[in-house]
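Note that the coordinates shown come from a computational prediction; the quantities given were computed from them, not determined experimentally. Residues take their numbers from the sequence shown, with the count starting at 1. Each ligand, and each atom within it, is numbered from 1 in the order the structure gives.
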Amino acid sequence: MKKRILSGMRPSGRLHLGHLEGVLKNWVKLQDEYECFFFVADWHALTDNLDTSKRQENILQMLIDWLSVGIEPKKSTIFIQSEIQQHAELHLLLSMVTPISWLERCPTFKDKLRALSPSENPSLGLLGYPVLQTADIIMYKADFVPVGEDQLAHLELAREIVRRFNSLYKKVFAEPQPILASSPRLLGLDGRKMSKSFNNSILLSDDAETVREKVRTMITDPARIYLKDKGHPDVCNVFTYRKIFAGDTVDEVEKACRRAEIGCTECKSKLAASISSYLEPIQDRRKEFEKDTDRIWQMVSSGVEKARGVAEQTIIETREAMNINSAPASRSGAKRGGVK
Ligand code: TRP
């Protein structure tokens, strides 16, 4: 039997090259080897933003990107978290066995706290973020969870919660293990982490003109001021991109840069062209999906149905382990709808 994978993403709308390199390429590969569940973590998204007016559009755009890069509903189960209420029940039950101190010392929670203004109070939902994530994972008894490094602390916590649950009740859950992407992290145009909120990303759906304009603003080797200065590709973000998007010419570029035979402007325009041709097939598929969004929602609803079947089973087992079963009278069925 194939081992099971589960992973999710908060719906932030259109995705960027960082998502593709760091996460999606890995998902696409894993589809052939594992039974995969990929879901839209829309409840988790509420910890970033309580404004839900763009929710539907953000989910749709993200799904189109998933499908365009090669996540296939024939191979993987694709669903939306909030469609499966069992996640909420499991989150509640797990929250009973999770000490607050475990959550307060979570580095992602601490980072979020630091980012809040003094007048803002963190919500209970934010504190419990990793508990909900644990529910997402163990609901499907996932063996592996492909994630970025920033999520390792959540996985560690998930394993701790599982151990606590299993020792208090019954061994219902296995401890989930992370799978880290092997590709190096792609930084944003400005050299910081690539993120939509930093406005330093190239979207998978950016047209050639936009890509050219964005690449033009990229920071290169800071020690190379004049064309005649020799370059240091190892410290140049543009070079890192070229290694990924223009693999075969990369040795020549490296030599030329070190000998000051190619300037940054030329190098960038070549990079922009390679990124656009790399994105072209993805964007062609996007256009097809955009024409038929009904098909996407249908695909999601069959994913939801399949996921719900698994989730229902897990909740039955969890309730049984915790001895939270229905009252005997309603269980027997004898009295259901019966005479008074
Ligand atoms: N926290 C993850 C992120 O921000 C999203 C997520 C929610 C997730 N639940 C998950 C990832 C379960 C993997 C498994 O990227």
Side-chain angles (χ1 to χ4, degrees), residues 3-13 15-16 18-27 30-31 34-49 55 58-59 62-63 65-66 71 76-91 94-95 98 103 106-112 115 123 125-162 173-181 185-186 193-198 201 303-304 307 310-311 314:
K3 296 246 183 205
R4 201 175 268 178
I5 291 255
L6 174 127
S7 199
M9 242 187 229
R10 280 166 289 167
S12 54
L15 301 179
H16 54 57
H19 294 119
L20 177 62
E21 289 307 306
V23 185
L24 292 173
K25 270 191 173 174
N26 209 17
W27 286 14
L30 294 166
Q31 290 184 112
Y34 296 92
E35 185 190 7
C36 292
F37 286 76
F38 297 123
F39 76 101
V40 178
D42 60 331
W43 278 339
H44 277 113
L46 294 170
T47 62
D48 298 318
N49 194 347
R55 173 184 170 276
N58 283 341
I59 292 177
M62 185 169 87
L63 288 171
D65 279 332
W66 286 9
I71 305 294
S76 302
T77 305
I78 300 171
F79 66 95
I80 297 177
Q81 184 184 40
S82 64
E83 296 278 313
I84 303 192
Q85 292 172 14
Q86 284 81 356
H87 287 232
E89 180 168 344
L90 191 53
H91 167 258
L94 295 178
S95 75
T98 309
L103 299 170
C106 187
T108 47
F109 179 66
K110 289 199 225 157
D111 286 347
K112 287 270 187 177
S123 70
L126 181 66
L127 181 68
Y129 185 114
V131 182
L132 182 57
Q133 184 162 351
T134 304
D136 300 335
I137 298 167
I138 67 178
M139 184 70 88
Y140 303 93
K141 309 250 174 99
D143 301 289
F144 299 106
V145 186
V147 284
E149 251 170 63
D150 60 327
Q151 297 292 309
L152 288 180
H154 290 169
L155 268 247
E156 180 61 46
L157 205 55
R159 288 193 294 275
E160 278 179 292
I161 296 173
V162 164
F173 302 108
E175 294 179 27
Q177 303 299 330
I179 296 186
L180 279 177
R185 176 120 155 247
L186 192 66
K193 177 183 176 212
M194 190 181 283
S195 159
K196 258 190 165 174
S197 50
F198 290 161
S201 62
V304 165
V310 180
T314 304

### Task
Would you please indicate if the ring centroids of F79 and Y140 are separated by under 6.0 Å?
yes
### Query
Does H91 have any ring-ring contact (aromatic ring centres under 6.0 Å, His included) partners at least two apart in sequence or in another chain, and if so, which?
none
### Task
Let me know which of V40, D65, L24 forms a side chain to side chain contact (heavy atoms under 4.5 Å, CB included) with M9.
L24
### Query
When the ring planes of W27 and F38 are compared, do they come out parallel, tilted or perpendicular, using 30° and 60° as the limits?
parallel
### Message
Taking atom NZ as the centre, does K141 end up with more than 12 heavy-atom neighbours from other residues, nucleotides or ligands that are less than 6.0 angstrom away?
### Response
yes
### Query
For Q85, does the CD atom sit with more than 12 other heavy atoms under 6.0 Å from it, leaving out its own atoms?
no
Which protein N or O atoms sit under 3.5 Å from any N or O of ligand 1? Give each pair with its distance.
{"residue": "ligand 1", "atom": "1 (N)", "partner": "Y129", "partner atom": "OH", "Å": "2.6"}
{"residue": "ligand 1", "atom": "1 (N)", "partner": "Q133", "partner atom": "OE1", "Å": "3.1"}
{"residue": "ligand 1", "atom": "1 (N)", "partner": "Q151", "partner atom": "OE1", "Å": "2.9"}
{"residue": "ligand 1", "atom": "4 (O)", "partner": "R10", "partner atom": "NE", "Å": "3.1"}
{"residue": "ligand 1", "atom": "4 (O)", "partner": "R10", "partner atom": "NH2", "Å": "2.7"}
{"residue": "ligand 1", "atom": "4 (O)", "partner": "Y129", "partner atom": "OH", "Å": "3.2"}
{"residue": "ligand 1", "atom": "9 (N)", "partner": "D136", "partner atom": "OD2", "Å": "2.7"}

